[in-house]
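Notes follow once the structure below has been shown.
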Amino acid sequence: MQNQVLILDFGSQYTQLIARRVRELNIYSEIKPYNNPPKDLSPYQAVILSGSPYSVRASDAPKPDLTGIKGKKPLLGICYGAQYLAISGGGNVAPSATREYGRAHLSNFKPNEAFLNGISENSQVWMSHSDTIKELPENACLLASTEDVEHAAYRIENEETYGIQFHPEVYHTKEGSRILKNFLVDIAGLKQDWTPDAFVETTVAELKEKIGDENVILGLSGGVDSSVAAMLLHKAIGKQLHCIFVNNGLLRKNEFHTVLEQYQGMGLNVKGVDASARFLEALKGESEPERKRKIIGRIFIEVFDDESHQVENATWLAQGTIYPDRIESVSASGGPSATIKSHHNVGGLPDYMKLKIVEPLHLLFKDEVRRVGRTMGMPESILGRHPFPGPGLGIRILGDITAEKVSILQEVDAIFIDGLKKYDLYDKVWQAGAMLLPVNSVGVMGDERTYEKCVALRAVESTDGMTADWVNLPYEFLQKVSNTIINRVKGVNRVVYDISSKPPATIEWE
């Protein structure tokens, strides 16, 4: 692909949002760490420098060599990126008198500038920085200010180099997408041709070439990601794809049999493997969240290894890994961001397992995965399904895992999810589930004292899982679900509702 954007990541929490905003313009973008940029820059028609938690004035601040980019390709510096372009060009960056964070409004526009074409006077933008540009380089031209920030936007004369102190990628910058479109389409000349149809066509062709006549094993989970990955591979290699749907004993109630039948109805070459006893035995007595994830991931790999020996010429293991999985697990392509948690389907394979990895969705966000699935005509019953973690109920049971706890949580989860569907709330929620807490509380049923489990219900709204907010479910619904759970599920006498957002919390409790 020659029509793409390179985003150099300096560790900003917003870097992934830049990639999403660019892709929403139907332009392909990819993130690379500033300290390990691509050696070949020829595929990129434009470059964006992200923000950063660093101060550009610090001795250990990121200071990449931009000689192969600046003045040679259209370049946009955002926040830290703008400050770096300014200070490296002879300008001055100093601490702000007060931290500049939150909403601001553009003013002092320079007329007839393509970069701000169509942007309304007093347009709202979002600031998030503690340093500010005091002086621009001598060859810079001021484009816009705000009340508190004189140098809110600028460009370098005789170059397609721009700097903005605000963040166009966040929701609170009302015309951020228009600014990015001005830069990428009108100035850099990129074509808006990266559509779901184009992704399917390109990915299927790449899979055919990469895999050839070899066989692929794919672990289906019942979720959107693995299902879309399976259909892409099915379109590319047909019966060479051998799908394995594993019952790890941590699925939702009745999910193993119902989902297996659904996959068979889609024409996939799929085999069901009940390994629930194997998983539960390996997890016995383990309560630490990261170790539970790693145990589940290890057993998955062992199961796939066992199954691979039964498939002739099986040389590939396919996974439904998506971009947010990689971002949280490996810090934005190995960059300077913090690792949040490991994901069971991210990372290398042990030496004994002789399978290569293929990940058709590894550069897509969740909303993009669904759009690709719709392009291929997949049923909404699959595409509209809430995300469900690979480790399943294993990370929704806080503390150690037993068959009894799994059974309790399956019943609670089924009542909650069925209730959302019955009350026409399921499609208004991005993800929902129940957590079994390692807490017993005193209750009373009839005239008897009880000392039983507490469960937490969680429902969030999100676009891609990078950020999420709790859903304000109707009190009447929560009351009905709570009563049903306590009356029907033996062992539970208390229900609470989680009203934490991400950040600072994560969607799952473990």
Side-chain angles (χ1 to χ4, degrees), residues 16-17 20-21 23-24 170-172 174 177 196 221-228 251-255 258-259 262 320 322-325 364-375 377-390 392-393 395-396 409-436 455-486 488-489 495-509:
Q16 294 76 36
L17 291 180
R20 288 199 64 248
R21 293 293 175 262
R23 293 181 187 192
E24 286 171 359
V170 303
Y171 169 79
H172 300 291
K174 296 300 185 182
S177 292
S221 69
V224 177
D225 302 334
S226 66
S227 301
V228 174
L251 300 177
R252 285 177 157 143
K253 184 179 179 180
N254 299 326
E255 188 171 29
T258 57
V259 173
Q262 188 174 31
I322 63 173
Y323 214 12
D325 295 341
L364 296 185
F365 291 96
K366 180 72 74 174
D367 54 325
E368 295 173 322
V369 173
R370 287 194 169 98
R371 289 200 293 270
V372 167
R374 291 188 181 100
T375 290
M378 293 177 62
E380 282 297 322
S381 58
I382 288 179
L383 299 178
R385 186 175 292 158
H386 289 177
F388 188 65
L393 301 182
I395 57 170
R396 293 183 177 179
L409 190 55
Q410 283 177 332
E411 294 297 329
V412 171
D413 179 85
I415 291 170
F416 185 32
I417 298 301
D418 290 347
L420 289 170
K421 293 177 179 177
K422 179 180 178 180
Y423 283 84
D424 196 28
L425 293 168
Y426 186 83
D427 291 335
K428 299 174 183 177
V429 171
W430 191 76
Q431 182 171 339
M435 320 294 162
L436 183 64
V455 295
L457 306 182
R458 180 108 162 108
V460 299
E461 54 186 3
S462 181
T463 300
D464 52 29
M466 297 302 299
T467 60
D469 203 359
W470 62 280
V471 177
N472 190 5
L473 294 174
Y475 287 144
E476 295 81 3
F477 169 77
L478 290 173
Q479 181 183 47
K480 176 67 175 177
V481 166
S482 174
N483 288 343
T484 303
I485 289 170
I486 291 172
R488 293 187 185 176
V489 183
V495 177
V496 299
Y497 186 55
D498 183 351
I499 58 170
S500 308
S501 297
K502 176 185 179 180
T506 54
I507 295 175
E508 300 295 340
W509 281 40

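Fair warning: this is a prediction, and the values are worked out from it, not measured in the lab.
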Closest heavy-atom pair, A468 versus V460, reported as atoms and distance to 0.1 Å, is CB-CB, 4.1 Å
In Å, rounded to the nearest 0.5 Å, how long is the span from CZ of R23 to CZ of R20? 9.5 Å
Non-hydrogen side-chain atoms of W470 and S500 separated by less than 4.5 Å: no
Polar side-chain atom of Q431 near backbone of F388 as donor-acceptor pair, under 3.5 Å: no
Validation row: R374, L383 side chains within 4.5 angstrom (heavy atoms): yes
Distance col, row L251:CG vs Q410:CD, nearest 0.5 angstrom, shows 8.0 Å
Under a 3.5 Å distance rule, please check whether S226 uses its side chain to pair with a backbone N or O of S221 as donor and acceptor. yes
Taking all heavy atoms of V471 and all of E461, pick out the closest pair and write down the distance. CG2-N, 3.5 Å
If I compare all heavy atoms of G320 with all of D225, which pair ends up nearest, and what's the gap? O-CB, 3.3 Å
Starting at CD1 of I415, measure out to CG of N483 and round the result to the nearest 0.5 Å. 11.0 Å
Any chance you could measure D367, atom CG, to I322, atom CD1, to the nearest 0.5 Å? 9.0 Å
Does R458 use its side chain to pair, donor to acceptor, with the backbone of E508 at less than 3.5 Å? no
Is it the case that the side chain of T375 and the backbone of R371 share a donor-acceptor pair, with hydrogens and angles ignored and the cut-off at 3.5 Å? yes
How long is the span from the CG atom in D498 to the CD1 atom in I507, to the nearest 0.5 Å? 11.0 Å
Worked verdict on V455 versus F416 for side chain to side chain contact (heavy atoms under 4.5 Å, CB included): CA-CA 11 Å; V455 295; F416 185 32; over 6 Å; no
Per the side chain to side chain contact (heavy atoms under 4.5 Å, CB included) rule, which among L420, D418, V495, L457 passes with V481? L457
Show the numbers, then the answer: is there a side chain to side chain contact (heavy atoms under 4.5 Å, CB included) between Q262 and S381? CA-CA 10 Å; Q262 188 174 31; S381 58; 3.1 Å; yes
Closest heavy-atom pair, P503 versus T467, reported as atoms and distance to 0.1 Å, is CD-CG2, 4.2 Å
Could you pull out the closest heavy-atom pair between H386 and A432, with the gap in Å? ND1-N, 3.4 Å
Could you label the plane-to-plane angle of the F477 and Y423 rings as parallel, tilted or perpendicular, counting under 30° as parallel and over 60° as perpendicular? perpendicular
So, are E476 and K480 salt-bridged, with charged N and O less than 4.0 Å apart? no
Nearest heavy-atom approach of S462 to W430 is O-CD1, 3.2 Å
Restricting to salt bridge (Lys or Arg N to Asp or Glu O under 4.0 Å), what partner residues turn up for R370, sequence neighbours left out? none
Just how far is it from atom CD1 of I417 to atom CZ of R385, taken to the nearest 0.5 Å? 11.5 Å
N/O donor-acceptor pair under 3.5 Å between Y497 side chain and N472 backbone: no
